[in-house]
Amino acid sequence: MLTRKVPKIRSSEITSESIYLTRRKFVQQGVIAGAGLSFGSHANAGLQSNDDITPERIVTSYNNFYEFGTDKSDPAKNAHQLTTDPWTVNVSGEAKKTGKFAFEDIVAGLDRQERIYRFRCVEAWSMVVPWVGISLKEILQQFEPNGNAKYVEFKTLVRPSEMPGQRGIFSSIDWPYVEGLRMDEAYHPLSIMAVGLFGKELPNQNGAPWRLIVPWKYGFKSVKSIVSIRFTKRQPRNTWNLLAPNEYGFYANVNPAVSHPRWSQASERRLPSSLFNPNRRPTLPFNGYADEVASLYSGMNLAKNF
Ligand code: MTE
């Protein structure tokens, strides 16, 4: 993992050519670790020398965001319809500070950092994405969760007038899209809310104005365009688990040893990938972040808690 502080300015003002060039150089030279870009003890986490950053046009045009359609190209076509300013977030449950908050007020004053993470979908494709992120722990702690808060649940906006996938008669999802984490997962230093990518404001199709990123889990955990945060005692349900409980679990830790009924998880296609150059590579336990996160699950049966 690489980290870098991004200046605290409105994300639309982030200009990043120099940041981007520097970062590319790091990746190309395989100088992934440290080099003054440290973030606690996690400076050396994650990336390998063959982890080239996925081209921006792929990251922003090959998407899963069912609120805008089920085809990978639908979100880039349709998400411009979404109004992301103003953006209100409802905070509820087991915390001292609850209520409605403006997105800007929640993130104001918090550090933005560049985090280059592997991103692995349960459909067995993967990317390497340079997110602009904010520590999830710092965000959540502002609301002062109490001792009963064992889990945190996140929900996406429901606004069928701007989200064509929510009005489709074929839509089988019970909106809103919902996801959750255990509090210790949410407080892990690798967990972030992404507010940008490639040094720029987060495009709507990638979950503007903010979306969750938990790099050791399958991409379906990384709920987009969040309008609700709820602290809870009990494990929340999550959208794909509600749809097919024997296919998608709550934990969704990347695990080459536990296959999905339709996708072997033993290997993955790193995008760009084609028939002649599939760019296939073995999947790593916890998506390559085992040193950082495996201890969160010690003693747990990961085949059962998939
Ligand atoms: N969040 C919402 N609200 N709706 C979705 O359909 N899809 C998930 C996740 N977050 C999804 C979502 C899935 S399956 C994946 S793989 C990632 O978003 C894709 O993120 P990306 O489009 O930025 O690559």
Side-chain angles (χ1 to χ4, degrees), residues 53-79 82 84 87 89 115-133 153-160 162-166 168 170-181 192-198 200-229 236-244 247-249 252-254 260 262-263 265 268-273 283 287:
I53 290 174
T54 306
E56 184 176 356
R57 77 184 151 74
I58 295 177
V59 177
T60 57
S61 68
Y62 186 91
N63 300 104
N64 279 333
F65 200 168
Y66 277 36
E67 285 83 341
F68 295 102
T70 52
D71 196 88
K72 292 281 182 291
S73 61
D74 285 339
K77 268 188 235 149
N78 296 328
L82 180 65
T84 59
W87 193 266
V89 181
R115 301 283 188 94
I116 303 175
Y117 284 157
R118 268 198 284 269
F119 186 73
R120 171 66 156 77
C121 179
V122 73
E123 297 161 350
W125 52 261
S126 66
M127 303 185 186
V128 177
V129 183
W131 304 103
V132 178
E153 176 203 75
F154 304 94
K155 286 181 184 161
T156 297
L157 177 73
V158 179
R159 193 183 285 158
E162 296 182 0
M163 295 174 139
Q166 290 181 337
F170 298 111
S171 166
S172 52
I173 293 179
D174 185 15
W175 309 108
Y177 193 99
V178 56
E179 262 303 341
L181 294 173
I192 56 169
M193 283 288 200
V195 294
L197 45 78
F198 289 89
K200 294 180 239 173
E201 192 170 1
L202 197 64
N204 284 4
Q205 61 267 35
N206 293 94
W210 64 345
R211 57 94 59 88
L212 187 65
I213 290 295
V214 190
W216 68 94
K217 293 180 180 285
Y218 293 118
F220 68 84
K221 294 299 285 183
S222 63
V223 44
K224 295 176 170 182
S225 304
I226 293 165
V227 291
S228 161
I229 298 175
R237 297 300 300 269
N238 51 315
T239 287
W240 284 101
N241 176 259
L242 283 160
L243 282 166
E247 296 189 11
Y248 307 94
N253 293 320
V254 175
H260 181 275
R262 281 187 300 283
W263 302 286
Q265 300 299 357
E268 64 199 52
R269 287 182 303 119
R270 173 64 51 82
L271 303 183
S273 144
T283 291
N287 204 21

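Remember, it's a predicted structure, so these values are computed and weren't measured experimentally. Each ligand, and each atom within it, is numbered from 1 in the order the structure gives.
Checked against the 6.0 Å centroid threshold, Trp240 and Tyr66 count as a close aromatic pair.
Asn64 and Lys72 share a donor-acceptor pair across their side chains, judged by distance under 3.5 Å alone.
Residue Lys224 holds the heavy atom nearest to atom 22 (O) of ligand 1 of all those in Lys224, Glu67, Glu123. When Phe220, Tyr177, Tyr218 are checked for heavy-atom proximity to atom 5 (C) of ligand 1, Tyr177 turns out nearest. Among Phe65, Phe119, Trp175, Phe154, the residue whose heavy atom lies nearest to atom 24 (O) of ligand 1 is Phe119.
Per-residue contacts place Cys121 under 4.0 angstrom from the following atoms of ligand 1 (heavy atoms of the residue considered): 16 (S).
Within the structure, the closest approach of Arg211 to ligand 1 falls below 4.0 Å when heavy atoms are considered.
Considering backbone and side-chain atoms together, Thr156 places an N or O closer than 3.5 Å to an N or O of ligand 1. For the pair Asn63 and ligand 1, the shortest N or O to N or O distance falls below 3.5 Å. In terms of N/O distances under 3.5 Å, ligand 1 is approached by Asn64.
In this structure, Ile226 and Val89 approach most closely via the heavy-atom pair O-CG2, 4.0 Å. When all heavy atoms are compared, the tightest approach of Met127 to Leu271 is CE-CD1, 3.8 Å.
Applying the side-chain hydrogen bond (donor to acceptor under 3.5 Å, both in side chains) test to Trp87 and every residue at least two apart in sequence or in another chain returns nothing.
When only non-hydrogen protein atoms are considered, atom 9 (C) of ligand 1 lies nearest to Gly219 O, 3.3 Å. If you check which protein heavy atom lies closest to atom 6 (O) of ligand 1, you get Tyr66 N, 2.8 Å. Here the protein heavy atom with the shortest distance to atom 10 (N) of ligand 1 is Ser222 O, 3.0 Å.
Note: Trp131 and Phe119 have perpendicular aromatic rings, judged against thresholds of 30 and 60 degrees for the angle between ring planes.
Identified under the salt bridge (charged side-chain N to carboxylate O under 4.0 Å, His left out) test for residues 214-223, with sequence neighbours left out: Glu179-Lys221, Glu185-Lys217.
Using a 4.0 Å cut-off between a side-chain N of Lys or Arg and a carboxylate O of Asp or Glu, Lys224 and Glu67 do not qualify as a salt bridge.
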